[in-house]
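A short write-up of the structure that comes next.
For this chain, numbers begin at 1 and follow the sequence in order.
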Amino acid sequence: MTPMERAFEAAKQAAERGEVPVGAVITRNGEILSIAGNRILMDRDPTAHAEILALREAAHKIGSERLIGCDLHVTLEPCAMCAGAISLARIRRLYYGAPDVKGGAVDHGPRFFSQPTCHHAPEVYGGIRETEAAELLRGFFAERRG
């Protein structure tokens, strides 16, 4: 199973808990270090985005806040908070699924990694399984609106 497939599994599990379906996986040298889905409601924590949780777990696992040589696979374009954390963690490559025109901060909004104040910018590859990621989110919100 690919890292992005694992991220989709985590996103679907988040949706089952009533969370916005976003999943993230961090890998290094082909090994999965962490897998997380959104837990904002469950943890009552506005920072419990899938990316942040995956970064925390991977950093704990390797014993360093610098995730040198690590790649992040996430189902949705990261927001500004997550982009900042990705930069601080020194993630090597970011792979994301659906773009987020409203809340994204990589290829939309503030374009965090393009700012002169950004300390580290990963290689970015967007649109990975974009249609599937967008449909997962649309379906979740359509069900909520009932």
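Annotation: side chain of F113 is in contact with side chain of I86 (closest heavy-atom distance under 4.5 Å). Taking the side chain as every heavy atom from C-beta outward, L72 and Y95 never approach each other to under 4.5 Å. Side-chain contact between I40 and D45 is absent, with no heavy atoms from C-beta onward closer than 4.5 Å. Proximity of T75 to L136: side-chain heavy atoms (C-beta onward) are nowhere separated by under 4.5 Å. With contacts defined as side-chain heavy-atom distances shorter than 4.5 Å, the pair H73/T27 qualifies. At least one side-chain heavy atom of R129 sits less than 4.5 Å from a side-chain heavy atom of E5. Contact annotation: the side chain of E123 never approaches that of L94 to less than 4.5 Å [non-hydrogen atoms, C-beta and beyond]. Between I91 and L55, some side-chain heavy-atom pair lies under the 4.5 Å cut-off.
I128 and F8 fall within the same hydrophobic cluster, where Ile, Leu, Val, Met, Phe, Trp and Tyr residues are linked whenever their side-chain heavy atoms come under 4.5 Å apart, directly or through other members. The hydrophobic clustering, which links ILVMFWY residues whose side-chain heavy atoms are closer than 4.5 Å, places Y96 and F140 together. Grouping the Ile, Leu, Val, Met, Phe, Trp and Tyr side chains by contacts below 4.5 angstrom, directly or via other members, places V124 with F112.
Between the side chain of N38 and the backbone N or O of V20 there is at least one donor-acceptor pair closer than 3.5 Å. Using modelled atom types, no side-chain atom of R39 and backbone atom of E19 make a donor-acceptor pair closer than 3.5 Å. Checked by atom type and distance alone, the side chain of Q115 pairs as donor or acceptor with a backbone atom of P110 at under 3.5 Å. Listed for the E9 side chain is no donor-acceptor partner under 3.5 Å among the backbone atoms of R6.
Nearest heavy atom pair, residue G23 against residue A10, reads CA-CB, 4.0 Å. Residue M4 comes nearest to V74 through the heavy atom pair CE-O, 3.5 Å, listed as atom of the first residue, atom of the second, then distance. When all heavy atoms of A98 and A133 are compared, the closest pair comes out as N-CB, 3.6 Å. Residues L53 and A48 come closest through the heavy atom pair CD1-O, 3.6 Å. The shortest heavy-atom contact between P21 and A15 is CB-CB, 3.8 Å. The two atoms that bring S34 and A54 nearest to each other are OG-O, 2.8 Å, heavy atoms only.
Results of the side chain to side chain contact (heavy atoms under 4.5 Å, CB included) test with P78 over V22, V106, I52, D100 single out V106 as the only residue that passes. When each of I68, I26, L33 is paired with I62, the side chain to side chain contact (heavy atoms under 4.5 Å, CB included) condition holds for L33 and for no other.
Rounding to the nearest 0.5 Å gives a distance of 11.0 Å between SG of C82 and CD of E77. Distance CZ/R90 to OG/S64: 10.5 Å, rounded to 0.5 Å. Here E135 contributes atom CD and E130 contributes atom CD; the two are 10.5 Å apart, rounded to the nearest 0.5 Å.
With salt bridges taken as basic N to acidic carboxylate O contacts below 4.0 Å, none links E31 and R28.
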| task | In sequence, state the C-alpha distance, the side-chain angles, and the governing distance for H49 and C79, and then conclude on side-chain contact (heavy atoms from CB on, under 4.5 Å). | result | CA-CA 9 Å; H49 290 200; C79 70; 3.6 Å; yes
| task | Tell me, with the steps shown, if T47 and R56 meet side-chain contact (heavy atoms from CB on, under 4.5 Å). | result | CA-CA 11 Å; T47 69; R56 287 177 185 159; 3.3 Å; yes
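Counting non-hydrogen atoms of neighbouring residues, nucleotides and ligands closer than 6.0 angstrom, the NE2 atom of H120 exceeds 12 such neighbours.
The cationic atom of R93 (NZ for Lys, CZ for Arg) does not lie both less than 6.0 Å from the six-membered ring centre of Y125 and within 45° of the ring axis.
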